[in-house]
Colleague: 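Take a look at the following structure, please.
None of these values were measured; they are calculated from a predicted model. Residue numbers start from 1 in every chain, and the chains themselves are labelled A, B, ... in the order their sequence lines are given, proteins ahead of strands.
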2 protein chains.
Amino acid sequence: MDQDDDQRQRTEVTLREVSAAVGLGMSTISRVLRNHGSFSKATRDRVMKAVEELGYVPNRIAGTLASSGSNLVGIVIPSLHNIVFPDLLSGAAVALNPIGFQTVIAVTDYDIEQEQKVIQSMLAWRPAAFLVAGLEHTERTRAMLKNSGVRIAELLDTDGEGIDIVVGFSQREAGAASARHLIERGYRRIGYVGPEFSFDPRARKRFEGFSAVIAEAGASVAETELIGRTSSTEVGRAALERMLARNPSLDAVYFSNDDFAVGGLFHCFASKISVPSQLAIMGFNGLDIGRFAPQPLTTVRTPRTEIGEIGARMVMAQGGAKVVDIPFELVRGATT
Amino acid sequence: MDQDDDQRQRTEVTLREVSAAVGLGMSTISRVLRNHGSFSKATRDRVMKAVEELGYVPNRIAGTLASSGSNLVGIVIPSLHNIVFPDLLSGAAVALNPIGFQTVIAVTDYDIEQEQKVIQSMLAWRPAAFLVAGLEHTERTRAMLKNSGVRIAELLDTDGEGIDIVVGFSQREAGAASARHLIERGYRRIGYVGPEFSFDPRARKRFEGFSAVIAEAGASVAETELIGRTSSTEVGRAALERMLARNPSLDAVYFSNDDFAVGGLFHCFASKISVPSQLAIMGFNGLDIGRFAPQPLTTVRTPRTEIGEIGARMVMAQGGAKVVDIPFELVRGATT
DNA sequence: GTAATATTTGGCAGCGCTGCCAAAATTGTG
DNA sequence: CACAATTTTGGCAGCGCTGCCAAATATTAC
């Protein structure tokens, strides 16, 4: 029906057509458009006018193929539902957009097999660089990345071997610092709530650092609740409830992130458990929601945006492989 | 230093080299790789083996140029820091990934000029389709999109004129439904907290629907607090505080999203304002954080993930232009 | 004025792949 | 075994652009 009305511009406008319209060679048009090489002011105006009139949109696919160099930066993260990762992206965008680079985002759902798949398909687009969350990858992923010749930065975690650039902080040390805080404040019967270690290596490392310090202090983590892939208020709340049902004598609970911790806090409010006198609550990440809770949450503020930004800058710069540590900060609220 | 060690595979492996290695023509290799056309089982195995050994990664840039058809879908959203948009993306990914399409995400920061820019640069990559949040665009954006020939779906809002496909719900009606709820429950001195109307047209439309119903009921919105670009607990909390300082007689406040509303709820907890007897709180979006607050928040659950999924499906399908309404749902909690 | 120099422009090959079609190899038929 | 039908394979043009270099034109020097 009405295929006449629906006259989609079947024939895309190409450089050649602009060239014909202006009466100049294709190379000249191309130079003007990329503002590269020399051409007269008059030429420039004529070209721009024609481009405008014809509605020409340069074809970057052809351009990239011809010049071998895309303006795409691949970013690979486990999830978008944990504020950490949007923050990382914002940071990267701050560094990348002004220099004309576009980000292509892929989500792995905390699955390194899935990560391998998405990296493989991104590689097919020959990105200028890669930003990947974490240091844990399949062997094949590591190999692909290595001999792709693409610059890569691994973000958020410095506890391990990187492929090229690594920007982050020691997750282990962050866990340890959290434990030191709880120990100093006198807590001894401590619980832990976090994601299954199998899929979140950073949470695992934090836990290792955490429990090592607790053990040194002559205590041990009395209870743990390990939960699935969703970082949410709901599961944090439910986990704390279960944990306290099992072991009401706990005096502090460490949550692997603030979403969980706020859920825990909600449980305490709802069950009239007074915080921190009956039970201390500590989170991780320094989310807004925790900072502005009725009782501000004690947490560790992580430099996510900076990590994204610095990672992006480094990956675009020349220099050799490096590890950059961006410090986290323990923020005491009113819950410990 | 050690440029010998650092032997990055300068010469990328190409189809031609695979072809040479296997001793078959390039077209044959290409057919095997795309599993398209016919070839013998033996050939297939030989090719796959060589591909594996050489570490060949097909160059989609060349492929797309030659076949004119990319597997990229552009998604344009105002922010990643409002859970609405990650949800939209997840929905789209569910529909797109299984059929081999990759999403390229761009963020506009609620700025339609910025939107124009990002759409222009995405267009340069000749995406197979576009998913864009909202109906409000610059004239130029609309024109570019129209004669790009790329299929486009506008998401989240059905109050207005779409370019092609529109999937969402009536924001105005959602606001009106919220107002009806508050009126029915007997509230009359009502406040509103939301983003500046200038940059968030959907919030504006909700407010319009909301205030129209309030007016019909013989009341009017007694107080409004309009705030900047950040949707966060903090600003919601501060806004409510200011509002109540000005006008302590309010009996209900409608927040334009749950983040704000939870901030308001926190203010009430902290200031010992009893909810809902002294003050009713209502939010919008149906976020986890609101549902599992000590007092579950009354809110409107919006079908974000479905909208993303259905939008993606429609944009990939044939059919003509359409408007699809995905219903929202008012969820009464314990705060009204 | 001409020669030397600087600026602007055009032509053409080729980036790595796919689509098309014809050639070669394989299988089936009487 | 010849011939037709079918399956598998290869050759080549060309997608739209850029990089290179040479040609044309403008500018300056003497």
Side-chain angles (χ1 to χ4, degrees), chain A residues 9-47 50-51 54-72 100 121 123-128 148-149, chain B residues 9-47 50-51 54-72 100 121 123-128 148-149:
Chain A
Q9 213 154 316
R10 269 301 116 247
T11 48
E12 220 167 68
V13 184
T14 70
L15 234 209
R16 161 165 282 113
E17 296 172 50
V18 179
S19 160
V22 188
L24 285 168
M26 287 172 51
S27 355
T28 303
I29 314 290
S30 173
R31 276 185 301 250
V32 172
L33 257 29
R34 287 176 297 147
N35 197 26
H36 176 272
S38 65
F39 45 82
S40 70
K41 179 85 181 70
T43 298
R44 184 203 174 77
D45 294 342
R46 280 205 294 158
V47 170
V51 164
L54 297 174
Y56 170 68
V57 179
N59 185 332
R60 261 239 144 71
I61 299 191
T64 301
L65 182 60
S67 71
S68 57
S70 87
N71 68 335
L72 262 25
S121 65
L123 232 24
W125 284 98
R126 302 297 189 263
S148 70
Chain B
Q9 211 153 319
R10 270 299 117 246
T11 47
E12 221 167 66
V13 184
T14 69
L15 235 209
R16 160 164 284 110
E17 295 171 52
V18 180
S19 159
V22 188
L24 284 167
M26 287 171 51
S27 358
T28 304
I29 314 291
S30 174
R31 276 184 301 251
V32 172
L33 257 30
R34 288 175 295 147
N35 196 28
H36 175 272
S38 66
F39 43 83
S40 71
K41 179 85 182 70
T43 297
R44 182 203 175 77
D45 294 342
R46 279 205 296 158
V47 170
V51 164
L54 297 174
Y56 170 69
V57 179
N59 185 332
R60 261 239 143 71
I61 300 191
T64 301
L65 182 61
S67 71
S68 58
S70 87
N71 69 334
L72 260 26
S121 66
L123 233 23
W125 284 97
R126 302 297 189 265
S148 71

Colleague: Here's a test of your reading of the structure: between Ala62(B) and His36(B), which maps to the more 5' nucleotide of DNA chain C?
Modeller: Ala62(B)
Colleague: Could you state the CZ-C1' distance from Arg44(A) to dT9(C), rounded to the nearest angstrom?
Modeller: 17 Å
Colleague: Please compare Ile61(A) and Ile29(B) by the position of their nearest nucleotide in DNA chain D and report the one closer to 5'.
Modeller: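 With Ile61(A) and Ile29(B) compared, the 5'-side residue is Ile29(B).
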Colleague: Under 4.0 angstrom, heavy atoms only, what part of the nucleic acid is Arg34(A) near: base, sugar-phosphate, or nothing?
Modeller: sugar-phosphate
Colleague: Can you name the nearest heavy-atom pair linking Arg31(A) to Gly37(A), along with the distance?
Modeller: CD-CA, 4.2 Å
Colleague: Mind checking if Ser40(A) touches a base, just sugar-phosphate, or nothing, with heavy atoms under 4.0 Å?
Modeller: sugar-phosphate
Colleague: Could you give the distance from OG (Ser67(A)) to CZ (Arg34(A)), rounded to the nearest 0.5 Å?
Modeller: 7.5 Å
Colleague: So which atom in Asn59(A) and which in Glu12(A) form the shortest heavy-atom distance, rounded to 0.1 Å?
Modeller: ND2-OE1, 4.4 Å
Colleague: So, for Val13(B) and Leu54(B), which heavy atoms are closest and what is the spacing to 0.1 Å?
Modeller: CG2-O, 3.5 Å
Colleague: Kindly give the heavy-atom pair with the smallest separation between Pro127(A) and Ser70(A), and that separation in Å.
Modeller: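 Minimum heavy-atom contact is CA-OG, 3.6 Å.
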Colleague: Reading DNA chain D from 5' to 3', where do the contacts with chain A start and stop? Cut-off is 4.0 Å to heavy atoms.
Modeller: dG16(D) to dG19(D)
Colleague: If you assign each of Gly23(B) and Val57(A) to its closest nucleotide in DNA chain D, which residue comes earlier from the 5' end?
Modeller: Gly23(B)
Colleague: Rounded to the nearest 0.5 Å, what's the gap from CZ on Phe39(B) to OG on Ser30(B)? Could you check?
Modeller: 10.5 Å
Colleague: At under 4.0 Å between heavy atoms, what does Ser27(A) touch on the DNA or RNA strands: base, sugar-phosphate, or nothing?
Modeller: base
Colleague: Kindly write out the residues that satisfy salt bridge (charged side-chain N to carboxylate O under 4.0 Å, His left out) with Arg46(B), not counting sequence neighbours, or none if the list is empty.
Modeller: none
Colleague: Which part of the nucleic acid does Thr43(B) contact within heavy-atom distance under 4.0 Å: base, sugar-phosphate only, or nothing?
Modeller: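 Answer is sugar-phosphate: Thr43(B) comes under 4.0 Å of backbone atoms only.
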Colleague: Roughly, in whole Å, what's the span from NZ in Lys41(B) to P in dT26(C)?
Modeller: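 Between P of dT26(C) and NZ of Lys41(B): 18 Å.
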Colleague: Over the length of the helix from dG1(C)-dC30(D) to dG30(C)-dC1(D), how much do the five-pair end axes diverge, rounded to 10 degrees?
Modeller: 30°
Colleague: Nearest 0.5 Å, what's the CD1-CZ distance between Ile61(A) and Arg60(B)?
Modeller: 10.5 Å
Colleague: If you compare all heavy atoms of Ser19(A) against all heavy atoms of Gly25(A), which two are closest, and at what distance to 0.1 Å?
Modeller: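 Nearest pair, atom of Ser19(A) first, then Gly25(A): OG-C, 3.8 Å.
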